[in-house]
Amino acid sequence: MMDLHTRTLTELAAGLEKGEFTSVELTNALLDRIARHNDKLNAFVTVTTDEALAAAARADTARASGSGGVLNGLPIIHKDIFCTRGIKTSCGSKMLDNFISPYDATVVENLANAGAVVLGKSNMDEFAMGSSNETSYFGPVRNPWDLERSPGGSSGGSSASVAARFAPAATGTDTGGSIRQPAALTGTVGIKPTYGRVSRYGMIAFASSLDQAGVITRSAEDAALMLGVMAGFDERDSTSIDEPVPDYVAGLGESIEGLRVGIVRQHFDAGLDAECGARVKESIAVLESLGATTVEVDLPNIDMSVPTYYVVAPAECSSNLSRYDGVRFGYRAENPEDLLDLYCRSRGEGFGDEVKRRIMTGTYVLSAGYYDAYYLKAQQVRQLIANDFKEAFANVDVIAGPTAPTPAFKLGDKVDDPITMYLNDIYTIGANLAGLPAISVPCGFVNELPVGLHLVGTHFAESTLLRCAHQYQQHTDHHKACPEDFQ
Ligand code: GLN
């Protein structure tokens, strides 16, 4: 059973079902792998060894008595942005380094109810603000494909863990690309569902109108299995949508014959690395060989998506992060002189540079005299971008393009240049602004570094995206490649 880490979630589910191994054996095997290899990657804030083994034992008992959910005994990892009862939830920040949540996020609860075993909490950019994992208070995560490079961000601990075979699935969150960009940079699958599809309750807020939970796996089939458990209406989240959750796994086998794939001209312009563009075009040709047809589509306002996002997201973040005041929870400065000093020093000492930059930008764009010029204008442009997508989806079923402009970049390369860093999300941010579901699928390599194909669908078209990705993976094997040091 030396090969357990190489199996997908679906394969592991079948192995457990057949009694080939127990959840305790599987959990031990992966915890052992994490203990041996995590020093190279720094993918975890917390490894929950004892809790995982206890949950695995419970899962084995449930199975023996003929009960247990669809993920019974299967190991997963949670991004450290999801509140976990009794376990530290840091959100990658010094501010929450001492925070033990008194409750579980709905995503955590849903997965636990299905029997999943949580191996730990993954490292991430501070408050999910970043594209490289370098803003984490706990230090950067390294990319298993090249330890000098970033695994992407902000869900970099999750993407690196799945790529390194620490677990077959890890949760993530995506405000502007934080599931899909790290998935692309690590050769994994990452899906961000429609806004409102998965509950945000207990998911620490960054920009509430953009944040959405999703998952990183190695196959679209596994993503379908996970999403089916995570999704659903939650009365504790006022933006959760009361739509039945389809069986995402059931439709995967259907052919994509006749699927209309939109290609956005602007996505293949100068900003895209030529070799990445070539891999993406090859993958679109594969879709065509499977019966899909391509149609050129126009998103005339898409060039405005990055500047629009960098007004809306900081504005919402400045409001959301006002709750960290050193009084109720989180970091508190020592020996404050008075209340104002307590606020100022707790925030000054507890937040890192990128978070401060966002709070300052957000406070500025919301301030009297600038609100109309920046925030209101950004909201108007956001609507135009959403309208562009709506028009495009009148003629196509999915829009295909690159997930990120380049393969994984070196740690340190972009960290001092926020604009260059922000441009990493140029292809992913539109889906967040419009609330659309999107997936990144491994589609080849450039200089031995993975590249991702990005597919966007209309609202609630997760099934179409997963089916398209699954059919693509049935005819390609990029997702089976494993980084050399992590075989
Ligand atoms: N990289 C983007 C940012 O820094 C998106 C982050 C995210 O999706 N959480 O805001």
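Whatever order the structure lists them in is the order used to number ligands and atoms, beginning at 1. In this chain, residues are counted from 1 in sequence order. On a predicted model such as this, the values are computed, not experimentally measured, just so you know.
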Residue pairs meeting side chain to side chain donor-acceptor pair (under 3.5 Å), one or both in residues 438-450, sequence neighbours left out, come to T403-S440
Return yes if a side-chain donor-acceptor contact under 3.5 Å exists between T84 and K121, otherwise no. yes
Please list, one pair per line, the donor and acceptor atoms closer than 3.5 Å that link side chains of residues 455-465 to other protein atoms, with sequence neighbours excluded.
{"from": "H459", "atom 1": "NE2", "to": "A434", "atom 2": "O", "distance (Å)": "2.9"}
{"from": "E462", "atom 1": "OE2", "to": "T194", "atom 2": "N", "distance (Å)": "2.6"}
{"from": "E462", "atom 1": "OE2", "to": "T194", "atom 2": "OG1", "distance (Å)": "2.6"}

Would you confirm whether the ring centroid of F127 sits within less than 6.0 angstrom of the ring centroid of Y324? yes
Residue by residue, ordered by chain and number, which ones reach under 4.0 Å of ligand 1 with a heavy atom? A128, M129, G130, S131, S154, D174, T175, G176, G177, S178, F206, Y309, Y310, R358, D425
So do the side chains of E51 and V118 get within less than 4.5 Å of each other, counting heavy atoms only? no
What pairs with K88 under side-chain hydrogen bond (donor to acceptor under 3.5 Å, both in side chains), at least two apart in sequence or on another chain? D97
